[in-house]
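Worksheet: one structure, shown below.
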Protein chains: 2
Amino acid sequence: MVVRMDDACCGGLHSDAVADVRSGQLAEPLVLTLSEAFKALADPTRIRMLHCLLRRELCVCDLAEALGMTQSAVSHQLRYLRTLRIVKNRRDGNAIYYTCDDAHIAGLLQMGIDHAMHAGANEGG
Amino acid sequence: MVVRMDDACCGGLHSDAVADVRSGQLAEPLVLTLSEAFKALADPTRIRMLHCLLRRELCVCDLAEALGMTQSAVSHQLRYLRTLRIVKNRRDGNAIYYTCDDAHIAGLLQMGIDHAMHAGANEGG
DNA sequence: CCCTTACATGAGCATATATTCATATACTTT
DNA sequence: AAAGTATATGAATATATGCTCATGTAAGGG
């Protein structure tokens, strides 16, 4: 394999460091999958929605009311989460109930919450 | 406190569900902190950068070369991560070395990687 | 002091994102 | 079938984001 060091800065001094880091790189598809997952959690609205839907099943309008959002906004975000298979829905009459039983997302969110709660305390500066 | 149910849909049938979910809501500042943290991981470039900087210390140009990016793009993202105190830097001559020793970010990223590796296997649907 | 190297940063641009508004669809009731 | 309720969705809009290009700043060498 060819490792280009044409435009190497540092006079190419650290080519070993670059090679080392390069060998440990994450595969591109993995990186994309990862960023996609984190992106789902990278918005206040979606965090609130998921936190609710992890707690219990809710129909769209109840979710909208609980969050003080319009039905349309909630529905658009639900479509987003549905596309990523993060939430599921079931129909009952003309209401549609959503849930989130995605263990991965739940784990990441919970870990984030735990971290955020502790943060600020050990911000040594 | 007043719980509005003016524009309650479902004829206000699920007001208990709404109240329940409302009582368990995350505090706004926490939600914002959370989304900020996840946002840092919600971009392929930053994931790659952080993965490198968790592995070892790198100067800007080496990071740029390892990732096949311009120095400017890397520098902009480093500023972003620096502002969030996710990465640290130290100067040595006219090179500036960056590292990421943020345990929270490292934890989230690792958890995401683990999950992403297993995913696809149990995609029953 | 001038030049080079390494990094930072502001402006501009193209794209992505989150919401709103209007409207379409699916189901229920009469 | 017609009307009502709950949800979905397309278009439009405002803002955010990530990159490039040009330039500014800090440290080192002659």
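Residue numbers begin at 1 in each chain, while the letters A, B, ... track the order of the sequences.
Shown here are the side chain to side chain donor-acceptor pair (under 3.5 Å) partners of Q110(A), two or more places apart in sequence or in another chain: D114(A). Listed by chain and residue number, D20(B) satisfy the salt bridge (charged side-chain N to carboxylate O under 4.0 Å, His left out) test with R55(A) (two or more places apart in sequence, or in another chain). Residues forming a ring pair (Phe, Tyr, Trp, His ring centres under 6.0 Å) with H51(A) (at least two apart in sequence, or on another chain): none. In this structure R91(A) satisfies the side chain to side chain donor-acceptor pair (under 3.5 Å) test with no other residue, sequence neighbours excluded.
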In a table with atom names and distances, give each donor-acceptor pair under 3.5 Å that connects a side chain of residues 26-36 of chain A to protein atoms at least two apart or in another chain.
| residue | atom | partner | partner atom | Å |
| --- | --- | --- | --- | --- |
| E28(A) | OE1 | R48(B) | NH1 | 2.7 |
| E28(A) | OE2 | R48(B) | NH1 | 2.5 |
| T33(A) | OG1 | P29(A) | O | 2.9 |
| S35(A) | OG | V31(A) | O | 3.4 |
| S35(A) | OG | L32(A) | O | 3.0 |

Per-pair distances, 0.1 Å, donor-acceptor, side chain in residues 71-81 of chain B, under 3.5 Å, sequence neighbours excluded:
| residue | atom | partner | partner atom | Å |
| --- | --- | --- | --- | --- |
| H76(B) | ND1 | R79(B) | NH2 | 3.4 |
| Q77(B) | OE1 | R46(B) | NH1 | 3.0 |

Once each nucleotide of nucleotides 24-30 of chain D is scored for protein heavy atoms under 4.0 Å, what B/S/- sequence comes out, 5' to 3'?
--SBS--

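Residues from residues 35-47 of chain B that place a heavy atom under 4.0 Å from any atom of DNA chain C: there are none.
Separation of atoms CD (E57(A)) and CZ (R90(A)) is listed at 4.0 Å; rounding is to 0.5 Å.
Residue R82(A) places at least one side-chain N or O closer than 4.0 Å to OP1 or OP2 of dT9(D).
Across the protein-nucleic acid pair, M49(B) atom CE and dG18(D) atom P stand 11 Å apart, rounded to whole Å.
Legend: salt bridge (charged side-chain N to carboxylate O under 4.0 Å, His left out) pairs involving residues 96-105 of chain B, not counting sequence neighbours, sorted by first then second residue: K88(B)-D101(B).
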Kindly give the atom pairs (protein nitrogen or oxygen, nucleotide nitrogen or oxygen) under 3.5 Å for nucleotides 21-25 of chain C.
| residue | atom | partner | partner atom | Å |
| --- | --- | --- | --- | --- |
| dC21(C) | N4 | S72(A) | OG | 2.6 |

